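Note that the coordinates shown come from a computational prediction; the quantities given were computed from them, not determined experimentally. Throughout, a chain's letter reflects where its sequence line sits, starting with A, and its residues are numbered from 1.
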Amino acid sequence: QDALARIKEAGVMKVGTETAFAPFDYIDAGDHVGLNMDVFAAIGEELGVEIEWITLDWAGVLPGLEAGQFDMVAGPATITKARMERYRFTPPIAEATVALLKSAKDDSITKPEDIAGKTIGSGHATAQLAQLEEFGKTLTPAPETKDYVSFNEAYADLAAGRIAGVANSLPNIAFVAQQRPEIFAVVAPFGTKTYFGFPGLKDDDHASLMDAIDAAILKMKADGRLGEMQQKWFGQTFDTPDAVTEPNI
Amino acid sequence: MGFDFDVILSKQDQLISGIAMTIFVWVVGTLLAALIGFIVATARRYGGVLVDKALTVPIEVIRGTPFLVQLFLLYFGGPYIGLSLDALPAGLLALSVYGAAYFAEIFRAGYQSVPPGHVEAAECLGFTRIQIIRNILLPEMALLVIPPSVNMAIILLKETALLSLITVPEMTMTASAIGSQEYAFVEAMVLIALVYWVLVELAGLLGRFAEKKLSRYRLAKA
Amino acid sequence: MSDNAISVQHLVKRFGTTTVLDDISLEIPRGQVSCLIGPSGSGKSTLLRCMAFLEEATDGSIFIEGSPLGFVYDGAGKRQRQSANDLRKVRSQIGMVFQQFNLWPHMTALGNVSAALRRVRKMGKAEAEEKAMLQLRKVGLENRAGHYPSQLSGGQQQRVAIARSLALEPKIMLFDEPTSALDPELTGEVLNVMRGLASEGMTMVVVTHEIGFAATVGNQISFLDHGKLLFTDAPSKVFAKPRHPRLEQFLDTYLDRGASTLI
Amino acid sequence: MSDNAISVQHLVKRFGTTTVLDDISLEIPRGQVSCLIGPSGSGKSTLLRCMAFLEEATDGSIFIEGSPLGFVYDGAGKRQRQSANDLRKVRSQIGMVFQQFNLWPHMTALGNVSAALRRVRKMGKAEAEEKAMLQLRKVGLENRAGHYPSQLSGGQQQRVAIARSLALEPKIMLFDEPTSALDPELTGEVLNVMRGLASEGMTMVVVTHEIGFAATVGNQISFLDHGKLLFTDAPSKVFAKPRHPRLEQFLDTYLDRGASTLI
Amino acid sequence: MSWKLFNLLLEASLMTIFVSTISILIGLVLAILLSAANLSGIRPLQWFSKFFISFFRGTPLLVQLLLLYNLLPVIGVQIPSLVTAIIGLSICTAAYQAENLRGGFEGVPTGLVESADMAGFTPVQTFFHIRVPIALRLTLPALINEAILILKASSLVSVVGLIELTRMAQNLVASTFMPLEIYASAGLIYLVINLVVATAGRQLERRLPGVGSK
Ligand SMILES: Nc1ncnc2c1ncn2[C@@H]1O[C@H](COP(=O)(O)OP(=O)(O)OP(=O)(O)O)[C@@H](O)[C@H]1O
Ligand SMILES: Nc1ncnc2c1ncn2[C@@H]1O[C@H](COP(=O)(O)OP(=O)(O)OP(=O)(O)O)[C@@H](O)[C@H]1O
Ligand SMILES: [Mg+2]
Ligand SMILES: [Mg+2]
């Protein structure tokens, strides 16, 4: 009996995520909401099981997956080469290309190249930081980068005026600017195209489960449900491939 | 889930600089905390009822709220009132003020532990207040103050991990970053735990050593 | 300047609303031994502590060798606190010995005696220790100089405490029940040192329960009861029968210790 | 069974290499008051503590009402520790009152007296407290039953401590300087309670510096010096002149307290 | 900041209070047992107690929680987050409290134990009826301190998936991007809880008679 069989028998699939990653997962007026909730509700319907949410600090999510605390991760991660060596990713559900968030009052930045010589923040050990550094090398003077444990501290520091911008995936940044338009504004994306997918385990036990989830997502994509969800949460839709086999980073 | 320490150790340089940062922040922060705490306790003892009462409020507020919250308010809220500190100074300031509130209480207990008669004897002999603090009170309270001070130092060591939230590259951040880049969380956690354990035991050892040194007049109990 | 080493005038001391010393006036003649006796809680220690300015009197004044202690009266007759420096100067004429010895536990006997010489008189280490040794010899403890208080018997500790006070060459010594924390056999050695001091003409004020000592060594005896000074007189007069009724009652409580039979 | 409540035979007690009790043999007759006197450090407390097995003797034996205490000799004549149960049984005949009272600070007077009845005798709460009240009445403290030790004066605390020991109805009471931590004025009330016990025929061993009490209440006096029992005799014989020279010297030290003149 | 957000913080603080209270109580019982092991005179028990204290005082609570949460399932033990959090916090505070109590047990005057011996108490009775209450009273201020520290440290249980006060604050920051207002409110709630604990502690100190207090 493999993972999929066990889940079907129990009628419940356990998924783990964190809740401080708007607009994918966040707490709005006390309820856990976001794109992930909708996506997995649909996946649950396709598989004919209930979804049980386990929410914890991001530091506990991937270790929790490996320890078997839940069947798969419901928080998206940028699909990268290194990560694909350790985990199996679902088909992309959104674009993860890096864009810039700046202060709404700052007129000196209108395009990505304007960050030359300025200090830009990003999340520690994230794919976005790597791309920011990559992009920075092409500018003179190169921007200084500052890394934060989570993006929320970076946003706070941008508001406090210590940094000129934050580099993060477009969907996230668009959401931030939409929430506090008087403080933040979005600058167009830079960098190579990347995508968000949900990580799961690579082992044989989980193979059929991951296959089933992949199929469900592709079905949602094909019948337009995924697009509706993207419209609802990001205010736009993304053109994503059916699978990422060779990530750009 | 196999253990694979090679992955972690391949990032030696980063790790060592993280550990060095932790030790630096810890040692400097703890010393500053003890110093400020001592000054506060002294001001409370000699500054009259008003100063005593006035200082109680910040002490209780600082002891009563999490370090995380204080750190955030100082670092992200400071700029709004014109106090824009860099990460490291902000971290050190927050850590030493936080610790100082506890040290102030430790030293208060220390002051109370010295029999008033010992101070009166010195007053009668014409010692000035500073001489009394330096020659009578401090040496006499030392034995009582050391064990809780070591405890406090250990607690401050653990709080240094939070400084990573304001971008101080201390070792928990470094190690967990390596862990997440290389996908070796458990290995990273075990490594951090080991380093902390060593530092804590060192602090304990130092405390016990100081106690032993100071207690020579006690060992010979008649 | 009068012949009195200490002059206490209309002294009042209140703790909150309780009056512990009630209009005390007392003259301590120079070169004599004055004993304060009275029941527990009558205010003996408080009076002595006022004489060392360890307690601030609520009202009244105290003069040490003619100089006011702790408070001075300004032109308008208002009581003002003395400056810290003046206070230290007046106080330097007084040595105080406590019931609980109050030796500093982290210093040796020699350290205890020499500390004030070094810190207050600013003497060098060698000179201070030499002078301190002299005092230790005087109380018969030169061979215990390197011992910590915890290594000394109670009687030895009290003798070190006396030496510590003597080191600054005070004109007046105040003793608060110097032997009551001691075993009977250790009491003797301390009383002997005090007898020696008395015979050298040191002015001494002694709070004591040792009626025997008061009767034999004291030149004047003051009896306190409930914060009032009932009388002050020579021992021969004080203990002569018929006695003051309150004193008679007080002495009765010593019956079990056999002390009253001495008188 | 002999007439002796306690029999001490060739008792030796060493701490490390120093001999504190040196071959002590002593019989304590039933129903009588035995006083142990002697200079400080002579071993009085240690001897008393051996009688309660709070110290383990290095050699020799002690019998309580005929039963060995702490150690038994096996067939081959080797000394063996008694089982914890047997020890508790022998010990239950002894009550001990300490110099420092040693009341349990977290229990009221009534709680202190009834605790052992409840825990050791397994009585119900009501019964234990009723018996405890009887004992408190005996020491004149029934109106202090609900007070914590910190709310009682020293003399009252010591009387509660006596009541606590009496509650278990011991055959023998041991007292180690029961009044020396008390103010002179509070000493009387405790000595009175002890006089009452003596008149009821309780076997008592009392370490004391109250020579007056020893001389008037004691039936037999033992004098210890440097760990040796110099003599044991009736007070009239002990204090009669010419006295044992070491005792004479010892009593001299009481001169200042006026005690020796009583005898 | 709206009332609604503040209410969410208040609700989350119930979890903080619940988890900390239970853990402090369990921790106290564990600490007393550790002290008993230490005082038992039985070598292996003493070693165990020493190692336990050294290990759990020496490593960060975060690491302990993560290991507990993720290693136990590897050896086949599945426990819910709430239980994991309580176990982790209890064990950690037990180590600190046992250290505090060590001083307290050393401060129990030997005379009080000897009187219990004389009254015929068994060693176990003496431990629970005499030593423990007196040691607890002696260390009460330190225990209250530890309770406050645990209340604050309980924020770490979010790594095993519990939403308590700090985690809720972080969540709200992540959706509203108003860090200052939200963290200040969370700080205020912590402060109120801790002031209640500190005041209760001081009342208790005043009500319970201490050793030798007069
Ligand atoms: N700091 C204080 N606050 C309030 N009351 C005090 C204080 N110090 C002393 N008293 C009270 O003042 C009174 C006199 O105390 P004092 O110590 O002078 O008596 P005493 O004659 O020395 O007694 P004893 O023989 O017991 O030493 C007592 O009733 C005491 O309770
Ligand atoms: N635990 C111990 N370790 C080492 N020596 C001890 C110990 N207890 C007592 N002694 C020594 O044994 C001797 C006798 O002590 P003990 O307390 O029996 O004397 P004592 O006659 O009761 O004196 P006091 O009148 O001062 O109470 C003393 O020299 C003391 O220092
Ligand atoms: Mg007094
Ligand atoms: Mg003794």
Side-chain angles (χ1 to χ4, degrees), chain A residues 14-34 52-70 75 101 148-160 166 168 172-173 175-184 233, chain E residues 1-12 14-15 60-82 84-85 88 155-184:
Chain A
K14 289 199 244 173
V15 297
T17 187
E18 69 156 337
T19 49
F21 199 62
F24 293 93
D25 280 299
Y26 66 103
I27 304 290
D28 181 41
D31 299 320
H32 178 187
V33 295
E52 182 184 333
W53 289 88
I54 296 172
T55 58
L56 18 65
D57 199 276
W58 186 251
V61 172
L62 290 177
L65 173 69
E66 296 191 20
Q69 296 285 358
F70 31 81
L101 186 72
Y148 293 82
V149 168
S150 94
F151 283 100
N152 296 315
E153 282 80 50
Y155 302 147
D157 233 4
L158 174 59
V166 177
N168 195 4
N172 304 83
I173 276 182
F175 185 79
V176 177
Q178 184 191 324
Q179 292 291 308
R180 308 291 301 269
E182 74 285 7
I183 301 180
F184 300 118
W233 293 107
Chain E
M1 201 179 101
S2 71
W3 260 114
K4 193 154 185 191
L5 294 184
F6 193 73
N7 265 331
L8 286 173
L9 289 177
L10 278 183
E11 273 169 34
L14 291 182
M15 177 60 92
L61 178 57
L62 178 79
V63 174
Q64 290 167 19
L65 284 168
L66 278 177
L67 291 181
L68 203 59
Y69 192 55
N70 294 319
L71 279 188
L72 283 186
V74 173
I75 58 167
V77 185
Q78 278 287 353
I79 45 173
S81 298
L82 186 64
T84 312
S155 67
L156 292 174
V157 301
S158 60
V159 296
V160 299
L162 294 186
I163 308 279
E164 45 60 65
L165 184 46
T166 298
R167 184 60 188 168
M168 179 55 84
Q170 284 170 342
N171 278 337
L172 295 181
V173 169
S175 55
T176 63
F177 307 100
M178 298 192 293
L180 295 183
E181 298 88 328
I182 288 172
Y183 282 122

With sequence neighbours left out, the residues meeting ring pair (Phe, Tyr, Trp, His ring centres under 6.0 Å) with A/F175 are A/Y26
Separation between CG (E/L172) and CG (A/N152), nearest 0.5 Å, reads 11.0 Å
What one should report as the nearest heavy-atom pair of E/A174 and A/A22 is O-CB, 3.6 Å
Honestly, the part of E/T176 sitting under 4.5 Å from a heavy atom of chain A is backbone
Taken to the nearest 0.5 Å, the spacing of A/R180 CZ from E/F177 CZ works out to 9.5 Å
E/R167 side chain near A/T19 side chain, heavy-atom distance below 4.5 Å:
yes
Residues 62-75 of chain E vs salt bridge (Lys or Arg N to Asp or Glu O under 4.0 Å), sequence neighbours excluded, gives none
Cut-off 4.5 Å, heavy atoms of chain A, and the answer for E/I163 is side chain
Most heavy-atom pairs under 4.5 Å with chain A, out of E/V173, E/L62, E/L8, belong to E/L8
Interatomic distance, CD@E/Q170 vs CD@A/E18, rounded to 0.5 Å, equals 9.5 Å
- Taking A/Q69 for the side chain and E/Y69 for the main chain, is one N or O donor matched with an acceptor at less than 3.5 Å? yes
Applying a strict 4.5 Å limit to non-hydrogen atoms, the region of A/I27 in contact with chain E is both
Candidate pair E/V160 and A/L56, rule side-chain contact (heavy atoms from CB on, under 4.5 Å), full reasoning: CA-CA 6 Å; E/V160 299; A/L56 18 65; 5.5 Å; no
